[in-house]
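Computed from heavy atoms alone, side chains included, the values below leave out hydrogens, waters and symmetry copies. Order of listing sets the numbers, starting from 1, for every ligand and every atom in it.
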Amino acid sequence: MSHKRVAILLSGGGSNMVALADSMTGDHPARPCLVMSNDPHAGGLTKAANMGLATAAVDHRPFKGDRAAFEVELMKPLLDAQPDIVCLAGFMRVLTAGFVTHWAGRMLNIHPSLLPKYRGLHTHARALEAGDTEHGCTVHEVTAELDDGPILGQARVPINAGDTPETLAARVLVQEHILYPAVLRRYASGDRTPVLLS
Ligand code: GAR
């Protein structure tokens with residue numbers, strides 16, 4: 001059986017990358033082919049290298065906001081790796097419609113809210129401020145609109161009295177590490193039925 005090739009893009013500590021990469025063993029239909037970051041110093045790159053995974057970095061800062069020019073460079077190692085699926089896992093750069101279109105139907109993202117609620121940043125604080133009783137995370141196909149696109153899975157967590165954005169984020173992150181690998185396994189096998197965890 002030939003495995004699907006998965007590239008993982010991150011900006012930070014890479015705990016979701018570790019969960020995804022760890023899951024791709026045995027009878028899993030995919031294997032990691034590249035871990036890439038827009039931050040050469042991202043902790044996730046070190047973790048990936050220590051796991052024996054291929055890594056690449058394209059620092060976005062020299063491009064001074066020129067997203068298209070940044071993406072030309074980002075695309076090169078990605079194309080070289082020939083991924084069948086690209087997983088955004090804490091990748092904190094907004095991608096242009098052109099880049100997203102190239103990977104349409106092949107790019108996933110995990111977002112720390114129950115989409116369509118709380119697109120963008122500070123999702124945990126916003127859920128608390130709204131007085132929500134539950135929160136969670138979503139894996140979706142990436143389309144040109146930010147944090148939009150067909151939902152492939154969601155996991156719910158309760159909001160507890162006394163929660164802070166930090167305690168809530170930690171509870172959601174535990175579920176992210178379960179949800180994203182579950183969605184990727186299903187997606188890589190050609191099944192787009194949403195994974196719903198509660
Ligand atoms: C995760 O909580 C992920 O959902 C979030 O960043 C964190 C990355 O953690 N992503 C976004 O906010 C995307 N807009 P990690 O580096 O430990 O996986």
Side-chain angles (χ1 to χ4, degrees), residues 6-24 32 34-51 53 55-60 67 70-71 74 85-97 99-100 103 107-129 132 134-157 159 163-184 187 194-195 197:
V6 177
I8 303 171
L9 271 57
L10 55 79
S11 300
S15 69
N16 276 289
M17 178 280 297
V18 171
L20 290 172
D22 277 348
S23 74
M24 285 185 259
L34 178 68
V35 174
M36 187 158 65
S37 182
N38 62 298
D39 178 357
H41 303 293
L45 282 183
T46 310
K47 286 179 188 154
N50 289 339
M51 294 167 82
L53 303 176
T55 62
V58 178
D59 192 339
H60 68 277
R67 291 188 194 280
F70 164 63
E71 289 173 358
L74 192 69
I85 299 170
V86 177
C87 288
L88 307 182
F91 185 71
M92 302 306 281
R93 304 302 301 169
V94 172
L95 295 167
T96 68
F99 191 92
V100 168
W103 298 104
M107 187 182 277
L108 311 184
N109 179 46
I110 188 156
H111 182 73
S113 79
L114 294 173
L115 291 173
K117 280 187 158 185
Y118 313 128
R119 296 185 168 99
L121 299 175
H122 311 299
T123 57
H124 310 298
R126 287 157 68 198
L128 288 172
E129 278 161 22
D132 291 356
E134 65 169 7
H135 186 44
C137 50
T138 303
V139 177
H140 63 96
E141 244 177 62
V142 177
T143 57
E145 293 297 315
L146 183 68
D147 299 329
D148 202 22
I151 288 176
L152 297 167
Q154 286 189 317
R156 302 175 177 279
V157 305
I159 293 182
D163 263 337
T164 64
E166 292 73 27
T167 61
L168 187 53
R171 191 175 311 118
V172 170
L173 194 61
V174 171
Q175 294 305 308
E176 293 186 38
H177 298 161
I178 299 168
L179 179 69
Y180 211 171
V183 170
L184 177 63
Y187 193 80
V195 175
L197 308 177

| message | I'd like the name of whichever of H111, M92, E176, H124 reaches closest to atom 1 (C) of ligand 1 through any heavy atom. | response | E176

| Heavy-atom side-chain proximity of F91 to I8 below 4.5 angstrom | no

| query | Is the closest N or O pair between G14 and ligand 1 shorter than 3.5 Å? | reply | yes

| Can you tell me the protein heavy atom closest to atom 12 (O) of ligand 1 and the distance? | P112 CD, 3.5 Å

| message | Taking the side chain as everything from C-beta on, heavy atoms only, tell me whether H124 gets closer than 4.5 Å to Y118. | response | no

| request: Could you tell me whether the side chain of L197 reaches within less than 4.5 Å of the side chain of I178, counting heavy atoms only? | output: yes

| request: Could you tell me if any non-hydrogen atom of C137 lies under 4.0 Å from any atom of ligand 1? | output: no

| task | Answer yes or no: does an N/O atom from N109 fall short of 3.5 Å to an N/O atom of ligand 1? | result | no

| query | Short N/O distance, under 3.5 Å, between D147 and ligand 1? | reply | no

| Among protein heavy atoms, which sits nearest to atom 9 (O) of ligand 1, and what does the distance come to when rounded to 0.1 Å? | N16 ND2, 4.1 Å

| message | Contact between D39 and S11 at the side-chain level, heavy atoms closer than 4.5 Å - yes or no? | response | no

| said: Would you compute the distance between atom OG1 of T138 and atom CG of L152 and round it to the nearest 0.5 angstrom? | reply: 10.0 Å

| Is M24 close to L184 at the side-chain level, that is, under 4.5 Å between some pair of heavy atoms? | yes

| atom 6 (O) of ligand 1: which protein heavy atom is closest, and how many Å away? | G90 CA, 3.7 Å

| Would you say the side chain of V94 lies within less than 4.5 Å of the side chain of L146, judging by non-hydrogen atoms? | yes

| field | Minimum-distance protein heavy atom relative to atom 15 (P) of ligand 1 | value | S15 N, 3.4 Å

| message | With a cutoff of 4.0 Å, is L10 in contact with ligand 1, counting heavy atoms of the residue only? | response | no

